[in-house]
Chemist: 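One structure follows; several queries about it will come next.
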Amino acid sequence: MFFPYSRRDNTPAAGYLSQVPEPVKKERVHKLTELSDSLYSSFKEINKGRVEEVLFERAVGGGMMEGYTGNYIKVSAKYDKDLIGSIVKVVL
C-alpha cells in the first residue's frame with residue numbers, strides 16, 4: 001500500500017513511473033482516518049470509568065481546558081487556571 005508524500009525534485013521517488021493518482025491517495029487517507037477515529041473511540045470507551053492521571057495543558061475557550069492521559073486520551077474539564085500544567089487524577 002502506498003501513502004501520500006510530498007514529491008521533491010531530484011529524489012528517487014519523484015522519478016517513479018507508477019505514481020499513485022491523487023484521488024486514490026486521498027481516498028486511502030480518508031479510509032485510514034476513519035479507521036483511526038473508530039479505533040480511538042473504541043479505546044476511549046474501553047477506558048471509561050477508569051481513574052487516570054491527566055496533564056492539563058491549555059485553555060480551549062468556552063470556559064474549558066484540555067489535557068491528555070498517559071495513554072493519550074484527550075480529557076476536557078471546566079477551566080481552572082491553577083490546574084494548567086498540573087497532573088490531576090480524573091475518572092474517565
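These figures come from a predicted structure and were not determined experimentally. Along the sequence shown, residues are numbered consecutively beginning with 1.
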Chemist: Can you measure from CZ (Arg58) to CE (Met65) and round to the nearest 0.5 angstrom?
Modeler: 12.5 Å
Chemist: Does the side chain of Ile84 come within less than 4.5 Å of Tyr79's, by heavy atoms?
Modeler: yes
Chemist: Working to the nearest 0.5 Å, report the span between CZ of Phe43 and OH of Tyr72.
Modeler: 12.5 Å
Chemist: Rounded to the nearest 0.5 Å, how far apart are CG of Leu92 and CD of Glu52?
Modeler: 5.5 Å
Chemist: Is the shortest side-chain heavy-atom distance between Glu66 and Glu57 below 4.5 Å?
Modeler: no
Chemist: Is the side chain of Ser41 donor-acceptor paired with the backbone N or O of Asp37 at a distance under 3.5 Å, no angle test?
Modeler: yes
Chemist: Side-chain contact, heavy-atom cut-off 4.5 Å: Ile73 with Lys44?
Modeler: yes
Chemist: Would you say Thr33's side chain and Val29's backbone share a donor-acceptor pair under 3.5 angstrom?
Modeler: yes
Chemist: Given His30, which partner from the list Glu34, Lys26, Glu27 fulfils the side chain to side chain donor-acceptor pair (under 3.5 Å) test?
Modeler: Glu34
Chemist: Could you tell me which non-hydrogen atom of Lys74 sits nearest to which non-hydrogen atom of Tyr68, and how far apart they are?
Modeler: CE-OH, 3.3 Å
Chemist: With side chains defined as the heavy atoms from C-beta onward, is the minimum distance between Glu53 and Val90 less than 4.5 Å?
Modeler: no
Chemist: What's the spacing between Thr69 OG1 and Leu55 CG if we round to 0.5 Å?
Modeler: 10.5 Å
Chemist: What distance separates Glu22 CD from Lys25 NZ, expressed to the nearest 0.5 Å?
Modeler: 4.0 Å
Chemist: How long is the gap from OH on Tyr16 to OG1 on Thr11, to the nearest 0.5 Å?
Modeler: 8.0 Å
Chemist: Do Val75 and Leu83 sit in one hydrophobic cluster, given that two such residues count as connected whenever their side-chain heavy atoms are within less than 4.5 Å of each other, even indirectly?
Modeler: yes
Chemist: Are Met64 and Val54 connected in the hydrophobic side-chain network, where two residues link if heavy atoms are under 4.5 Å apart?
Modeler: no
